[in-house]
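A, B, ... follow the sequence lines: proteins, then strands. Residue 1 opens every chain.
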Number of protein chains: 2
Amino acid sequence: MKWKVKEVAELVGVSVRALHHYDEIGLLTPTETMESGYRLYSEENLETLQQILFFKELGFPLKEIKTMLNNPSYDRKEALVLQRKMLVEKRGRIDQMIETIDKTIKHMEGEIHMTNEERFKGIQFTSNPYEEEARKRWGNESVDEANKKLQSLTKDEQHELSEKWDTIFKKLASLRKQSPESEEAQAAIKEWYDLLNNNFGQYTLEAFRGLGQMYIQDERFTKNIDQYGEGLAAFMSEAMTVFANKQNKS
Amino acid sequence: MKWKVKEVAELVGVSVRALHHYDEIGLLTPTETMESGYRLYSEENLETLQQILFFKELGFPLKEIKTMLNNPSYDRKEALVLQRKMLVEKRGRIDQMIETIDKTIKHMEGEIHMTNEERFKGIQFTSNPYEEEARKRWGNESVDEANKKLQSLTKDEQHELSEKWDTIFKKLASLRKQSPESEEAQAAIKEWYDLLNNNFGQYTLEAFRGLGQMYIQDERFTKNIDQYGEGLAAFMSEAMTVFANKQNKS
DNA sequence: TATAAAGGATGACGTAACGTGAGAGTCAAT
DNA sequence: ATTGACTCTCACGTTACGTCATCCTTTATA
């Protein structure tokens with residue numbers, strides 16, 4: 001079964017405009033559209049929409065929701081479990097606020113004393129631990145950080161950096177036919193590791209390995225990297241894992 | 001005891017910028033400021049802030065919160081009770097969402113069937129009855145017949161009206177240093193009187209004089225009016241009395 | 001089958017509630 | 001006297017839509 005915008009809007013309780021917006025930003029593009037241009041939402045679209053709305057309720061910005069849903073390792077059931085945890089957490093906060101209100105009323109009646117911190121219990125922005133987990137699992141914090149740094153550089157610095165970058169990738173591309181464990185490959189990977197560390201702050205070995213994983217898991221990365229040569233992403237990914245393991249032992 | 005912005009910010013868990021913003025829009029102006037311009041928040045300010053944040057948590061827009069808090073019949077304890085009710089309601093919604101998640105997971109495992117409505121239970125925008133109550137008691141709706149009329153106007157008419165309103169207040173503010181009995185002041189007050197009569201039905205001179213009294217007796221009115229200039233409320237109040245007396249004689 | 005009402009599409013501008021510097025002054029401790 | 005942490009006021013940027021305006025389909029009804 002397929003639904004038109006208004007039907008979806010009424011079914012799930014969002015505005016038509018919102019659906020348009022989600023389409024605009026590529027968060028939820030209906031799988032089908034009639035020749036007239038009318039949007040037709042599928043069952044699957046509804047499932048995605050449910051996910052979107054849960055995340056939204058939990059305070060995630062749309063952009064973040066998008067990257068999470070697009071993440072190749074995104075898993076709906078796992079997400080639901082996490083969302084559940086976050087909701088329970090949120091309910092806890094509400095309970096605290098209710099308690100705070102009760103106390104405040106009593107305080108007004110002179111029955112009890114109240115510290116100023118107590119006055120705001122539950123309202124405060126206590127970052128939810130599960131939120132972090134979601135971001136780590138499916139978000140791209142590290143990549144975002146890196147991009148921010150990149151943009152903070154001057155034009156010249158950016159240029160310089162991209163040249164170094166280019167050199168390394170070309171070198172790696174030329175090596176990709178041999179083993180990722182070869183000395184040359186590992187040396188090139190070390191260069192890559194150092195470059196990242198010099199420019200984007202601390203890349204722990206864990207993060208480095210994770211980055212390598214992303215190169216093959218996330219097709220946006222894969223595509224970009226493979227422009228230097230088919231299979232480069234896979235090659236780098238493996239070499240990075242090897243590198244991380246080696247370093248770990250030493 | 002007094003607090004500087006950052007202290008308040010950390011105590012209650014909002015950003016300094018937010019506090020600046022609340023000051024900018026006249027939602028929460030610190031009672032005191034040092035000669036250097038530093039904001040100093042009082043105990044009372046904190047109480048107001050608590051109210052603001054509760055309402056915000058419940059989804060009220062700042063503008064609405066402002067009019068509610070400024071409403072002369074606003075009662076803090078009553079508000080707390082209502083807020084409590086709304087929070088309980090909200091908690092109920094969260095419980096529903098949790099249930100929805102549980103069902104969805106079961107559904108994914110093929111254990112149960114799920115209608116499309118069930119899929120979005122709790123997420124939907126179900127307007128909270130207590131919200132309406134709050135709006136009725138302290139929102140714009142309460143200010144009486146006058147505002148009903150106001151709301152019956154079209155957007156354009158409303159806009160036009162508020163511009164006229166604004167013009168008159170600004171004019172009055174510019175005159176407030178001279179005598180309330182001066183010809184100019186009285187002319188401006190007449191404009192004000194006419195505007196009220198044209199838009200909100202009959203304002204007897206009695207009522208007009210009474211309104212003037214409210215401007216100084218009720219600090220919430222005073223605050224609002226004095227945003228156009230310190231002492232404007234007092235000035236208008238006097239000018240309105242003078243005006244009413246004069247009209248009465250003729 | 002014509003015709004209107006209802007719904008849909010695409011701009012494009014508006015709004016709310018801050019975030020995010022920039023540039024400059026202030027306070028408190030050393 | 002200096003320095004580092006705060007503070008102030010612009011002022012522009014951002015997010016997630018709301019709100020027309022204008023024009024085009026679809027559908028219900030006569």
Side-chain angles (χ1 to χ4, degrees), chain A residues 2-30 32-41 45 49 52-69 123 125 139 144-145 147-149 151-154, chain B residues 2-30 32-41 45 49 52-69 123 125 154-159 162-163:
Chain A
K2 308 279 155 157
W3 295 268
K4 293 198 210 156
V5 263
K6 214 205 170 184
E7 292 163 346
V8 175
E10 273 164 11
L11 177 62
V12 316
V14 303
S15 70
V16 171
R17 177 65 175 97
L19 293 173
H20 283 174
H21 185 58
Y22 297 162
D23 191 359
E24 260 176 48
I25 65 174
L27 175 58
L28 178 61
T29 311
E32 207 177 317
T33 85
M34 304 161 46
E35 327 104 52
S36 59
Y38 282 29
R39 278 162 255 248
L40 284 182
Y41 292 83
N45 289 151
L49 186 51
I52 292 172
L53 294 181
F54 274 129
F55 276 126
K56 226 196 67 165
E57 172 78 28
L58 291 163
F60 287 83
L62 300 186
K63 218 184 234 172
E64 219 165 326
I65 298 178
K66 185 180 170 187
T67 68
M68 289 196 292
L69 295 181
I123 311 184
F125 194 70
D144 271 1
E145 283 298 305
N147 278 347
K148 263 193 189 161
K149 284 249 170 111
Q151 284 170 351
S152 77
L153 300 177
T154 71
Chain B
K2 308 279 155 155
W3 294 268
K4 295 198 211 155
V5 263
K6 214 205 170 183
E7 291 163 346
V8 175
E10 273 165 10
L11 177 61
V12 317
V14 303
S15 71
V16 171
R17 177 64 174 99
L19 292 172
H20 283 175
H21 184 59
Y22 297 162
D23 191 0
E24 259 176 50
I25 63 174
L27 174 59
L28 178 61
T29 311
E32 206 176 317
T33 83
M34 302 162 46
E35 327 105 53
S36 59
Y38 283 29
R39 277 162 256 251
L40 284 182
Y41 291 82
N45 289 151
L49 186 50
I52 292 172
L53 294 181
F54 275 130
F55 276 126
K56 226 196 67 166
E57 171 79 28
L58 291 164
F60 287 83
L62 299 186
K63 219 183 231 171
E64 219 165 324
I65 298 177
K66 185 181 170 185
T67 69
M68 288 196 292
L69 294 180
I123 310 185
F125 194 69
T154 72
K155 271 276 150 69
D156 274 1
E157 286 170 327
Q158 276 191 27
H159 190 67
S162 83
E163 293 230 316

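For A:K4, no side-chain nitrogen or oxygen approaches OP1 or OP2 of C:dG8 to under 4.0 Å. Between B:K63 and C:dA17 there is no side-chain polar atom (N or O) within less than 4.0 angstrom of OP1 or OP2. Taking 4.0 angstrom as the limit, B:S36 places a side-chain polar atom (N or O) nearer than this to OP1 or OP2 of C:dC27. Remark: A:R17 is not in phosphate contact with C:dC13, judged by side-chain N or O atoms under 4.0 Å from OP1 or OP2. Here A:Y22 does not reach the OP1 or OP2 of D:dA16: none of its side-chain N or O atoms lies under 4.0 Å away. Residue B:K56 places at least one side-chain N or O under 4.0 Å from the OP1 or OP2 atom of C:dC18.
Rounded to an integer number of Å, the gap from A:L49 CG to D:dC17 P is 11 Å. In this entry the distance linking CD of A:E7 with P of C:dG7 reads 10 Å, nearest Å. Taking atom CD of residue B:E24 and atom P of nucleotide C:dA16, one finds them 13 Å apart after rounding to whole Å. In this structure, B:K6 atom NZ and C:dC27 atom P are separated by 17 Å, rounded to whole Å. Rounded to a whole Å, the OH atom of A:Y41 is 14 Å from the C1' atom of C:dG7. The CG-C1' distance, from B:L27 to C:dA16, rounds to 13 Å in whole Å. One interatomic measurement links the two molecules: CG of B:D23 to P of C:dA17, which rounds to 16 Å at whole-angstrom precision. Put simply, CG on A:L40 is 13 Å from C1' on C:dA9, counting in whole angstrom units.
Side-chain atoms of B:K63 and B:T67, non-hydrogen and from C-beta on, never get closer than 4.5 Å to each other.
In this structure, the separation between CG on B:L69 and CG on B:L28 is 9.0 Å, given to the nearest 0.5 Å.
Positionally, the nearest nucleotide of DNA chain C for B:L62 lies more toward the 5' end than for the other of B:M34 and B:L62. If A:I25 and A:E35 are placed on DNA chain D by their nearest nucleotide, the residue sitting closer to the 5' end is A:I25.
A side-chain contact (heavy atoms from CB on, under 4.5 Å) with B:Y41 is found for exactly one of B:T29, B:L49, B:L19, namely B:L19. When each of A:D23, A:T33, A:N45 is tested with A:R39 by the rule side chain to side chain donor-acceptor pair (under 3.5 Å), just one qualifies, namely A:D23.
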Polar atoms only, N or O, under 3.5 Å: list the protein pairs with nucleotides 22-24 of chain D and their distances.
none

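Comparing D:dT26, D:dC8, C:dA9 by their nearest atom to the side chain of A:R39 picks out C:dA9. Comparing atom distances between the B:H21 side chain and each of D:dC17, D:dT9, C:dA17 picks out C:dA17 as nearest. The B:H20 side chain lies nearest to D:dT9 when the options are C:dA17, D:dT7, D:dT9.
Closest approach of A:S15 to A:A9, counting heavy atoms only: C-CB, 4.2 Å. Summarising the geometry of B:Y22 relative to B:L62, their closest heavy-atom pair is CE2-CD1, 3.5 Å, with the distance given to 0.1 Å.
Using a 4.0 Å heavy-atom criterion, one finds that B:V5 contacts the sugar-phosphate atoms exclusively.
Residues forming a side-chain hydrogen bond (donor to acceptor under 3.5 Å, both in side chains) with A:K56 (at least two apart in sequence, or on another chain): none.
Between A:R17 and A:E24, at least one side-chain N (NZ, or NE/NH1/NH2) sits under 4.0 Å from a carboxylate O, which counts as a salt bridge.
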